[in-house]
Every structure is written in C-alpha cells, then in structure tokens.
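As a basis for the values below, the full set of heavy atoms in this structure was taken, side chains included, without hydrogen atoms, waters or symmetry mates. To find a chain, count down the sequence lines: A is the first, B the second, and so on, and within it residues start at 1.
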There are 2 protein chains.
Amino acid sequence: MTSSSPSAKRQHVVDTAYALFRRDGFHATGIDRIIAEADIAKMTMYRHFPAKDELIVAVLEHRAARFERQLDRLRATADTAEAKIATILDWHERWFRDPDFHGCLFAHALAEFGDPDHPVFKAAVRQKNGLRARMCSFLEAEMPPERAEAAAAALLMLIEGATLMAQMGDVDAAVDNARKAASAIIAGARLPR
Amino acid sequence: MTSSSPSAKRQHVVDTAYALFRRDGFHATGIDRIIAEADIAKMTMYRHFPAKDELIVAVLEHRAARFERQLDRLRATADTAEAKIATILDWHERWFRDPDFHGCLFAHALAEFGDPDHPVFKAAVRQKNGLRARMCSFLEAEMPPERAEAAAAALLMLIEGATLMAQMGDVDAAVDNARKAASAIIAGARLPR
DNA sequence: TTAGATATAGACAGACCTGTCTCACCACAA
DNA sequence: TTGTGGTGAGACAGGTCTGTCTATATCTAA
C-alpha cells in the first residue's frame, strides 16, 4: 500500500502483454519479451503474476471488462432491440477497420488453450457468454425469452464468424452480410411459428 | 526411389502431426514430439518437410482436401440448395458431437499465425474460401449471383460461429440455432427487395 | 533517520525449441 | 568381397522458454 496507485505497474504489464499477445499470440510471446517491452524487472512481473497463465487470464479479464463497459454505454444510445444490435455491429465494423485489428483475442485464446478446464479457456468463454447475455437481454424486451435466447445465440455466432472473416481480409463482405443476416435472424425470431 | 510407395512415410508424418496439432496446437507441439509419436528418424521428417511451417501447411492442405471430398460427396445426396446446406449442417453436427472434437484447425491456424502473408495463414484462408465457394454454387442455382454470394458469406460466418460455440461446449444451442438462422438467411435472400 | 515495502538488474537452472550433422546399418549389385 | 545409396538413431549447436534467486536501489511513512 505505498506509491501512487495500488497497481500502476501491474496495469502497465497487462497493457504491454495485451499488445504483444494480440500481435503474436500467447505461446509465441515469451515472458522475456514482455518484460523487455514493458521495461520492468522480471521479479516485478512474477510478483504480480506468479505464472504466465495468470497474466493471460488477467489480460483477458481486463479486455472483457473494457468491452462490456463500451457495450453498456452503446446500449444506452439506442432504444429498440434492433437498433441496439445495430450499434453493436457498428462497433464491430469500426473494430474491423482499425489498422491494428488482428482478430478476436478471446477466440485466439480458445484456439491456443483447447482444454475446457484451463483457466484461460474459461476466461474466454466468460467473455462470449457475456456478450450473448447482453444481446439476449435486449431481445427479451420484444419477444419471448426462448426466442430471444435463440436469436442471441445466432447473433453471437454471426458476430464470431464475421470477426473471423474480417481477420481473413474480407471486412466489407463480413460487415455487409452480417448486417443483412442479423436483420433476417431478428425478423425470423419475431415471426409466429 | 526405393521402397514400397513414394510417400508412405510422408503421409504417416502428416497424420501423426495432425493428431497432435489438433489436440495441443501448432506452437505447443514440438518437432521432437511429432517424430517420437510417428516413430521415425528426425532426418526422415526433415527430408520431406524442410521446415515446420511446411509440415503445418501440408497438414492443413491434406485436411482441406479431405473435407472438400466429403462435402462434394454430400452435395450429390440432396437436390435443392436448402437441402444441400442442411446436409452440411448435419455434417457439422456429427463433427461437433465427436468426442475428439477440438474446434476448427483452420481457425486455430489463423489464430496462431496472424500474419496474412504467412503460408499457414494463406492455407487456412483457402479452406474457408473453398467452403464459401461451394455453398455459393449451390445457392446460385436458385437465386441471382449477388444474393447467392451474400447468403454464402452469411452461412460461412454462421458455421464458423457455430463451430466456436460448439468448442465452448454448447453444441446443442449451436446446432439448433444455426439451423434456424440458416433458414432465416436463405429465406431472406429469396425475398424480393 | 530508520524500517519496510517495492523495484531493479541480471545470473542461473533445467527444460524444450528448431534444425544440422555424423555415423552405423542394411539391402543389393558386381 | 567390395561398393553404393537410402535410411535409421541420436548427438549436437545455439537459441528460447518459464520460473527462481540474490543483491542492490528507491521510495514512503512514521
């Protein structure tokens, strides 16, 4: 409990590690590289994060929290469910068009840590379920819960697929067709069965 | 040019590497592990694949060819576009339910090799575009090319997202909602604008 | 000023990584 | 018997990996 903030260094490590993980992946980024880039001592890093896995989880949780904050702020700017979903897609389009876009870090984490019991895997799943739950809550205001859940799952899949397609280089097709398909999914969910 | 077949050993290496890559990832699987599991000499491996990257590309291409063969066989068993898409979704459901399912190796390759110029990245993109092109050709029989392309892109995104969701453990939701959303997408593509 | 926490540099261990190289082996031909 | 050419086993080089440890330096608060 000294110093300016309780964990300024810690946050600096998280930010640096995030930039490297995003660019090069988790396994391909060594601890030595992180401490060199962050310009800290190795022991400082190991005091805050006793193992690399814990650093990875911390990075993912920090990014997930940030994402959810942005999402909740966007939600307030639109009123209908369709408009809220549209703002989420707009957000994704801006992300895809960022010159530093490298795909979804959480999806990459799932790819590199395939064991469902691994803390990194679980952290990535938590983020995806957070997004799904948020979309579901939008939709529940305008349709029965069962329909809302199904539509939210479909929209989540669509967004994940669009992120992959954007990473493959086809941003325009990903965005345009994701928007069209999202409309079709929401329209389909409203239809009487 | 001795021995029985021109590349029995080579194929054995590819098969062994595939099993390991699938389970543990590309970077996390070492050459030593592959040659131990395949029970071959290191030089045999390096004669066929001068570098690890080339082995990875060979594995991806072998699996892509196999996938496309299965897809083309399935295509013959259905007549309408919607039925053909349905058989593709059925194929994916069987895949998801395989106890050895670990997600899409091509998506994992994109995650681990983020450089668009990297041969591994390109090999993964080729597979995705192959699937998209096949679905597009089904749809073109029943709608204008522009609509078919958009619908194929949306279906590809949906399938990729469903694969991710299945990897996260939610196979039932992934399959059910992907089928519903696929119907909505195809129906939407048929609608007059 | 002094105590205590926090950060520093960097050596070190032990394992693993990719990729190269040597040498023994073995089948077969002359 | 001797030669030849493909294959095997595995030592080796040089680098990187994670994680530990020591000894020194800096900063804050009492």
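Geometrically, A/Arg63 engages A/Tyr18 in a cation-pi contact, judged by NZ or CZ lying under 6.0 Å from the ring centre and within 45° of the ring axis.
As a whole-Å value, the separation of B/Ile40 CD1 from D/dG10 C1' is 13 Å. In this structure, NZ of A/Lys52 is placed 12 Å from C1' of D/dG19, rounded to the nearest angstrom. Distance CG (A/Leu55) to P (D/dC17): 14 Å, rounded to an integer number of Å. When the C1' atom of C/dA11 is taken as reference, atom CG of A/Asp32 falls 12 Å away, rounded to whole Å. Between the CZ atom of A/Arg10 and the P atom of C/dT6 there is a distance of 14 Å, given to the nearest Å. One can place CD of A/Glu54 at 14 Å from P of D/dT18, the figure rounded to the nearest angstrom. Rounded to whole Å, atom P of D/dT16 lies 14 Å from atom NE2 of B/His27. For the pair B/Arg47 CZ and D/dA9 P, the computed distance is 12 Å after rounding to whole Å.
A donor-acceptor contact closer than 3.5 angstrom is absent between the side chains of A/Glu54 and A/His48.
The shortest distance between the side-chain N/O atoms of B/Thr44 and the OP1/OP2 oxygens of D/dG8 is below 4.0 Å. An OP1 or OP2 oxygen of C/dA7 is reached within less than 4.0 angstrom by no side-chain nitrogen or oxygen of A/Lys42. Look at B/Lys9 and you'll find a side-chain N or O under 4.0 angstrom from OP1 or OP2 of D/dG8.
If you take CD1 on A/Ile40 and CZ on A/Arg47, they are separated by 10.0 Å, rounding to the nearest 0.5 Å.
The one candidate from B/Arg134, B/Arg75, B/Lys128, B/Arg73 that meets the salt bridge (Lys or Arg N to Asp or Glu O under 4.0 Å) condition with B/Glu68 is B/Arg134.
Between C/dG10, D/dG19, D/dA9, one nucleotide has an atom nearer to the side chain of A/Met43 than all others, and that is C/dG10. When distances are taken from the side chain of A/Tyr46 to each of C/dT8, D/dT20, C/dT20, the shortest belongs to D/dT20. Taking the side chain of A/Ile31 as heavy atoms from C-beta on, and the options D/dT18, C/dG19, C/dA7, the nearest nucleotide is D/dT18.
Atom CZ of A/Arg126 sits in a crowded spot, with more than 12 heavy atoms from other residues, nucleotides or ligands closer than 6.0 Å.
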